[in-house]
Amino acid sequence: MTEREKIDTAVEYLQGQRIAAHTAAPLLWRLSWRAGFLIAPPHFLAFLPVAFLTGLPLGIGLNAAVIVFRLLVGKPLAWPLPLVGVSGAILFGSLSAAYYRWSASRLGLPEWSAFHADFDAPEESW
C-alpha cells in the first residue's frame, strides 16, 4: 500500500467512526497532500506536531490582520500586538492537539507506522 493509499484508508476509517470529514482531514492537511507532502492525518500525529501545524497558520493570520488593521487606521504598531497572534496560536494549537489526542485515544488508534488497511479498533471492555 502506498503512503497516499494509507492516508485515504485512514481518513475513510475515521469517517466510518463518525468523525466529520473536515476533522479527519482538515484543510491544511488536504492542501499539503495535494502539494505532495504526505503527512499523517492529525489523529495519528503526536501532540506537538498537531499543535504546531494548527497554531502556526492562525498565528500568522492574526498577526497579519493586526498589522493591516493598525496600518489602515494610521496608528503605529505597538510591541504587545504580536503577542495577540502568538498567544492565540498557542492556545488554538494546544486545544486542537488536545482534542485530536483525546479523540485518537477514545478510538483506540495506533501509531501511524502500525496503521494498516485492515485495522480494527479493540472492542470496548465495558
Side-chain angles (χ1 to χ4, degrees):
M1 168 183 324
T2 67
E3 192 69 14
R4 181 62 203 190
E5 291 170 342
K6 186 176 179 181
I7 289 170
D8 293 338
T9 302
V11 170
E12 288 174 14
Y13 175 79
L14 291 170
Q15 290 175 347
Q17 297 298 309
R18 303 179 86 183
I19 301 293
H22 290 285
T23 303
L27 178 62
L28 180 64
W29 270 258
R30 287 181 281 131
L31 290 174
S32 67
W33 295 335
R34 185 165 289 187
F37 299 106
L38 301 178
I39 57 176
H43 280 85
F44 294 93
L45 292 176
F47 183 90
L48 285 178
V50 175
F52 181 76
L53 289 172
T54 57
L56 184 66
L58 181 75
I60 291 171
L62 279 176
N63 279 328
V66 165
I67 290 169
V68 168
F69 179 73
R70 295 293 287 195
L71 292 175
L72 288 175
V73 172
K75 295 189 177 190
L77 295 174
W79 69 267
L81 288 177
L83 294 179
V84 172
V86 171
S87 60
I90 291 171
L91 179 65
F92 181 74
S94 297
L95 290 175
S96 296
Y99 165 75
Y100 280 113
R101 294 310 317 141
W102 169 79
S103 180
S105 67
R106 183 179 62 84
L107 294 172
L109 297 177
E111 292 183 12
W112 182 241
S113 59
F115 184 81
H116 47 80
D118 56 344
F119 172 76
D120 193 23
E123 295 291 325
E124 289 194 29
S125 59
W126 57 286

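Between W102 and Y99, the two ring planes are tilted [angle within 30° to 60°].
Counting non-hydrogen atoms of other residues, nucleotides and ligands closer than 6.0 Å to CD of E3 gives a total above 12. F47 CZ: more than 12 foreign heavy atoms inside a 6.0 Å radius.
Shortest non-hydrogen contact noted between H116 and M1 is C-CE, 4.5 Å. Across W33 and V11, no two heavy atoms sit closer than the pair CH2-CG2, 3.8 Å. Contact record, K6 with F115: CE-O, 3.2 Å, taken as the closest heavy-atom pair. Listed here is the closest heavy atom pair of A25 and R30: O-NE, 2.7 Å. The heavy-atom pair separating L45 from L53 by the smallest distance is CD1-CD1, 4.4 Å. Scanning both residues, A51 and S94, for their nearest heavy atoms gives CB-N, 4.3 Å.
Taken to the nearest 0.5 Å, the CG atom of D8 stands 8.0 Å off from the OG1 atom of T2. Atom CD of residue E12 and atom CD of residue Q17 lie 13.0 Å apart, to the nearest 0.5 angstrom. Rounded to the nearest 0.5 Å, atoms CG (N63) and CG (L83) are 8.5 Å apart. Taking CG of L95 as the start and CG of L91 as the end, the distance is 4.5 Å to the nearest 0.5 Å.
L58 places none of its side-chain heavy atoms less than 4.5 Å from the side chain of T54. At a threshold of 4.5 Å between non-hydrogen side-chain atoms, the residues P41 and Y100 do not count as touching.
In terms of hydrophobic clustering, with Ile, Leu, Val, Met, Phe, Trp and Tyr side chains grouped at heavy-atom distances under 4.5 Å, I60 and L28 are assigned to a common cluster. Follow the hydrophobic side-chain contacts under 4.5 Å out from W112 and you reach L38 in the same cluster.
With F44 as the fixed residue, the side chain to side chain contact (heavy atoms under 4.5 Å, CB included) test singles out one of L14, I39, V50: L14.
Taking the side chain to side chain donor-acceptor pair (under 3.5 Å) definition, one finds that S103 meets it with H43, sequence neighbours left out.
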